[in-house]
Number of protein chains: 2
Amino acid sequence: MSLKHGLLGLLNYGDMTGYELDKAFKVSLNFFWQAQTSQIYRELNAMEKQAWLISQIIPQTGKPNRKLYKITDLGRAELKKWLSKKDLEEDLNVKNVFLMKMFFSAEVNVSETIDTLKRYKAQCLGDLQAMSQTGSVISDYGQNLENKKSMVYWASTATFGVYYLNMCVKWAEDTIKTLEEIS
Amino acid sequence: MSLKHGLLGLLNYGDMTGYELDKAFKVSLNFFWQAQTSQIYRELNAMEKQAWLISQIIPQTGKPNRKLYKITDLGRAELKKWLSKKDLEEDLNVKNVFLMKMFFSAEVNVSETIDTLKRYKAQCLGDLQAMSQTGSVISDYGQNLENKKSMVYWASTATFGVYYLNMCVKWAEDTIKTLEEIS
DNA sequence: TGGGTCATGTAACCTGTTACATGATTAG
DNA sequence: CTAATCATGTAACAGGTTACATGACCCA
């Protein structure tokens, strides 16, 4: 149940509409969690029923009305409970379709797999490039927060991203080399 | 739709029952994909309806009968189609609850987060220890295959695991250091 | 005049999780 | 005597994906 908690975390920074949450999600949490717009709206509904949020309609003219969500004390309590949960094990599970394909790649030509790995590497390098700008994005956003401490944690997840992508590039290069030797 | 394809991939090595697939899954694909036993049985049913598999009941006495699955030509075609799909982007998406919690950790005490990171590191080191034995496991299993090439790919995914866990350990250490400085 | 942004969703479907059920055999 | 192993699942629910719908406004 992490999408709900991600949304709680974002709403804890300030009130937002579903539309704004969707965008905020995509610029911040997207590296380690992906969510569809439609799912966000559905989860917000469910969370309001659970009284983790309350909403307020803000009329607009010419545009659809905005439905602004605010986190409740119950929601904040839930967020903290989730953050403080001691049991790590489930949180470490990772699903990686790319690796699953690699596992079974004896079924396709070596040259095709090498090609896939090269595209993989290129993609990782592109993502790294994009990530090199997160530093300034973080300090831009961080200015609006009362709790400046957040920036340290945001930066640490960005660092994870950089370490991860560099590791993937190295692994791809090593694997390509191994495959070129046997082909 | 990766569980189905993982099961196809395993059945491509040889006929198995749901029970055996469950165990095979947990010793091979578990690092990058996790599946519940009940889900495996359900997916096998669905796959048989799609004619990717056929099954055969093998009566036993004293034990429940075995339901042995065999991949069909249609199933093999589907496996290859999935493996050859050129579009990488979706395959690179990764969901990581641990990082999402880290992102919002300004809400909990720094000391608590440092403690969590230490347990994270310990867990990674434990997993690394466990992974150091995969080399021999791979060559044991590989002996039974006609297609020995598989071992190279299995080994490459295991290498990814080792690189990944080492990277996580380094990141945890760096992050602990950063947090200790600000606290 | 065509595409992007703003802003809301619903419906159908697929996939993943949790809890439960059965019952004999075997190893410690 | 107890726990694990063998071997099958079903039911209910939660979460994720895909496709579709509406409609004004703004910019090139």
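As the structure is a prediction and not an experimental result, all values here were calculated from the model. A note on names: the letters A, B, ... follow the listed sequences, proteins ahead of strands, and every chain is numbered from 1.
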[X] [atom1] - [N] [atom2] separation (whole Å):
| X | N | atom1 | atom2 | result |
| --- | --- | --- | --- | --- |
| B:N45 | C:dC14 | CG | P | 15 Å |
| A:E20 | C:dT5 | CD | C1' | 13 Å |
| A:Q36 | D:dT17 | CD | P | 5 Å |
| A:I58 | C:dC6 | CD1 | P | 16 Å |
| A:K63 | C:dG4 | NZ | P | 19 Å |
| A:Q39 | D:dT18 | CD | C1' | 12 Å |
| A:E43 | D:dC13 | CD | C1' | 13 Å |
| B:K95 | C:dT15 | NZ | C1' | 11 Å |

I want to check one thing: is the phosphate of [N], taken as OP1 and OP2, less than 4.0 Å away from some side-chain N or O of [X]?
| X | N | result |
| --- | --- | --- |
| B:Y19 | D:dC6 | yes |
| B:K67 | D:dG9 | yes |
| B:K4 | C:dC14 | no |
| B:Q34 | C:dG16 | no |
| A:Q60 | C:dA7 | yes |

For this session: With the side chain counted from C-beta on, respond yes when B:E107 and A:N147 share a heavy-atom pair under 4.5 Å apart, and no when they do not.
Result: yes
Problem set entry | Heavy-atom side-chain contact between A:Y13 and B:F104 under 4.5 Å |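 A side-chain contact under 4.5 Å exists here.
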Exercise. Pick the nucleotide of DNA chain D nearest each of A:A35 and B:Y41; which residue has the one closer to the 5' end?
Worked result: B:Y41
For this session: Between A:S38 and B:R42, name the one whose nearest nucleotide on DNA chain D is closer to the 5' end.
Result: B:R42
Exercise. Are A:E89 and B:R119 ion-paired here, with the side-chain N under 4.0 Å from a carboxylate O?
Worked result: no
Exercise. Given the side-chain rings of A:W33 and B:F98, with only the six-membered ring counted for Trp, is the space between their centroids under 6.0 Å?
Worked result: no
Problem set entry | Closest non-hydrogen atom pair between B:S55 and B:E48, with its separation |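 Where B:S55 meets B:E48 most closely, the heavy atoms are OG-OE2, 2.8 Å.
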